[in-house]
Amino acid sequence: MVVARGLRKSFGSFEAVRGIDVEVRRGEAFGFLGPNGAGKSSTMRMVAAVSPPSGGELRVLDLDPAQHGSAIRGRLGVCPQEDTLDTELTVRENLLIYGRYFGIPRREVARRADELLGFFQLGEKRDAKVEDLSGGMKRRLTIARSLINDPELLLLDEPTTGLDPQARHLLWDKLFRLKQQGVTLVLTTHYMDEAEQLCDRLVVMDGGLIVAEGSPLQLIREHATREVAELRFPVGEHTALADRVADLAERVEVLPDRLLLYTHDGEEALARVHERGLAPVAVLSRRATLEDVFLRLTGRTLVD
Amino acid sequence: MSDPTERVAGRAPLDTATPEVVEPGVAAMLGRQLDYWWTVFRRTWKGSVVSYFLQPWLYIAAMGLLLGGYIDDASSGVGGAPTYLDFIAPGLLAATAMQVATGEVMWPVMGALKWDKTYYGMIATPLRVVDIVAGHLAFAMFRVASAAVVFVLALAVIGIFSSPLGLLASLGSALLVGLAFATPVYAFSAGARSEQGFALIYRLGVMPMFLFSGAFFPVSNLSEPLEWMARLTPLWHGVELCRMGSLETWDSTAVVHVTYLLVLAALGCWFAVRRLRSRLVV
């Protein structure tokens, strides 16, 4: 669906994307993960055929975006980071008008609009003005709008940023269903739980480069341990105490407020900590998450 | 760190055999935007109807009839027109076309780029930059045309035109004036980061032209350098053209006026697409 090789994007002297290789396959959910400024959105805009690459090669739906941008965009759904809804129109009008831009006949657009309003639980709001909607509803409408042309590939740039937990879970459910229906998803996010929930495969970007690639599980296996034990001591003691537990874990990380012990068995590590007479204020044993991988790869001081 | 471009160069290029792709023309893309502009029209026509329908009558009454009464008492004919009303009617028509055209492509364009970001929604569809510009300009010209038709009909009612041909010539001239203003001002708006520039356009462009480009008095009344400045403004060419139409006093200089306005419109189009592209496709 998307193939990029050595893809670059510069704005003046600033290189937002510094040569990345990506391949997105039909039917999968593919994630770009990274901190702000990692080059995710620049990459998405190039894939969306609204931003000419500065270097490298890019094929989207087997077409060259520089030559066939319009044709590519006709087969894409794009949910931008910022809503671009027409706030003075009603919910349904936004869908109808957008569908017309794709050259879909009016009757067909109306049918799809009603279907999408149902799917995204916006039926009751169909005649409400967009400016009266909540943030979560606007987001759902933006995604509904991006599906009006029945796209083969759906691009979502930070789809749930700024939403409350209920709204996020509702959106995840909808996106998961779309995936089940065979829609290829490409999304960017800096939420690890979102990436773990939705992505079959993902790349971690940092400073315009890809620093890791794989399924969420693979990444955790490669870049973290199975479990993490967290130890919380009084502020200021963490650095000194790190040495005393260094041999209990494969890796110990010192944070300002706690120590992280990367280990196969969190409970076991905690027990050993207690055996040594250390008395943390609070402890937690948990599974390693993509967040651990992410923070390790994209920066935070580490004590290996 | 290795240079990624070197890695690309070292590998076989991506398959570049492209299936035949036929893109719709601008006219087809304009059709796709019809529903959008129709909703814009439905929600804004009430606000504009007052200014379109009332304003011509106010100007005609105040300046043409009341002020004109004094002027006509003191002189016999102004700038080749039998009465002051005959003189300023086509001037006001051209000035109205200018004002409607510029108003339609300043704040609405800024809104579509900065506030509502509707252009960013549009460019994510098969619409291209040129289609978006064409759609917005077409709507602006529709507004100009509505205002001009209303104005021309009002003028016809008070007997300004001696023949239908004069009416049509004036109307056509007004449309040309609208186009010559809409396209360069659109280009300005498409690149503007804030709306502050619009006040400048009004104060340094629209208002001075409105007052001094021959709509209200012959520019020959100005001192020579100012007269030449006035003759360089697009509105002067538009006013002259509209006046030739309504008074039916055509001569070969009409070609100069039409050419000037057409060239300005064409340059405006080119810049408009260019500047909007540098905004939307980055």
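Below, read A as the first sequence line, B as the second, and so on, with proteins coming before strands; counting in each chain starts at 1.
In this structure, the portions of B:Q33 lying under 4.5 Å from any heavy atom of chain A include both its backbone and its side chain. Contact annotation for A:E88: both backbone and side-chain heavy atoms come within less than 4.5 Å of a heavy atom of chain B. Both the backbone and the side chain of A:V50 come within less than 4.5 Å of a heavy atom in chain B. Residue contact with chain A, scored on non-hydrogen atoms closer than 4.5 Å, involves the backbone and the side chain of B:R128 alike. For A:L85, the part lying under 4.5 angstrom from a heavy atom of chain B is the backbone only. For A:R75, no part lies under 4.5 angstrom from a heavy atom of chain B. Contact annotation for A:A48: neither backbone nor side-chain heavy atoms come within less than 4.5 Å of a heavy atom of chain B.
Across all their heavy atoms, B:V282 and A:K9 have their closest contact at C-NZ, 3.5 Å. Annotation for A:Y98 and B:A124: closest pair OH-CB, 3.6 Å, computed over non-hydrogen atoms.
With respect to the salt-bridge test (charged N to carboxylate O, under 4.0 angstrom), the residues A:E93 and B:R42 qualify.
Put simply, CD on B:E23 and CD on A:Q67 are 10.0 Å apart, with the number rounded to the nearest 0.5 Å. Rounding to the nearest 0.5 Å places CG of A:D86 at 8.5 Å from CE of B:M122. The distance from the CZ atom of A:R45 to the OH atom of B:Y120 is 7.5 Å, given to the nearest 0.5 Å.
Your options are A:L76, A:D83, A:L89, and the one with the most heavy-atom pairs under 4.5 Å with chain B is A:L89. Note: B:L127 leads B:L127, B:T118, B:V22 in heavy-atom pairs under 4.5 Å with chain A. The residue among A:I97, A:V78, A:I72, A:L96 with the most heavy atom pairs within less than 4.5 Å of chain B is A:I97.
At a threshold of 4.5 Å between non-hydrogen side-chain atoms, the residues B:M29 and A:S70 count as touching.
In summary, of the residues considered (B:D35, B:T125, B:I123, B:I132), a side-chain contact (heavy atoms from CB on, under 4.5 Å) with A:Y101 occurs for B:T125 alone.
For B:Y202, the OH atom sits in a packed shell: over 12 heavy atoms of surrounding residues, nucleotides or ligands are nearer than 6.0 Å. Residue B:R274 places its CZ atom among 12 or fewer non-hydrogen atoms of other residues, nucleotides or ligands, all under 6.0 Å distant. Summarising the local packing, NZ of A:K138 is surrounded by more than 12 heavy atoms from other residues, nucleotides or ligands at distances under 6.0 Å. Other residues, nucleotides and ligands place no more than 12 heavy atoms under 6.0 Å from the CD atom of A:E82. Atom CD of B:Q196 is surrounded by 12 or fewer heavy atoms from other residues, nucleotides or ligands within 6.0 Å. The environment of B:W38 atom CH2 is sparse: at most 12 non-hydrogen atoms of other residues, nucleotides or ligands sit within 6.0 angstrom.
Although no hydrogens or angles enter the test, the distance criterion places no donor-acceptor pair under 3.5 Å between the side chain of A:S51 and the main chain of B:V281.
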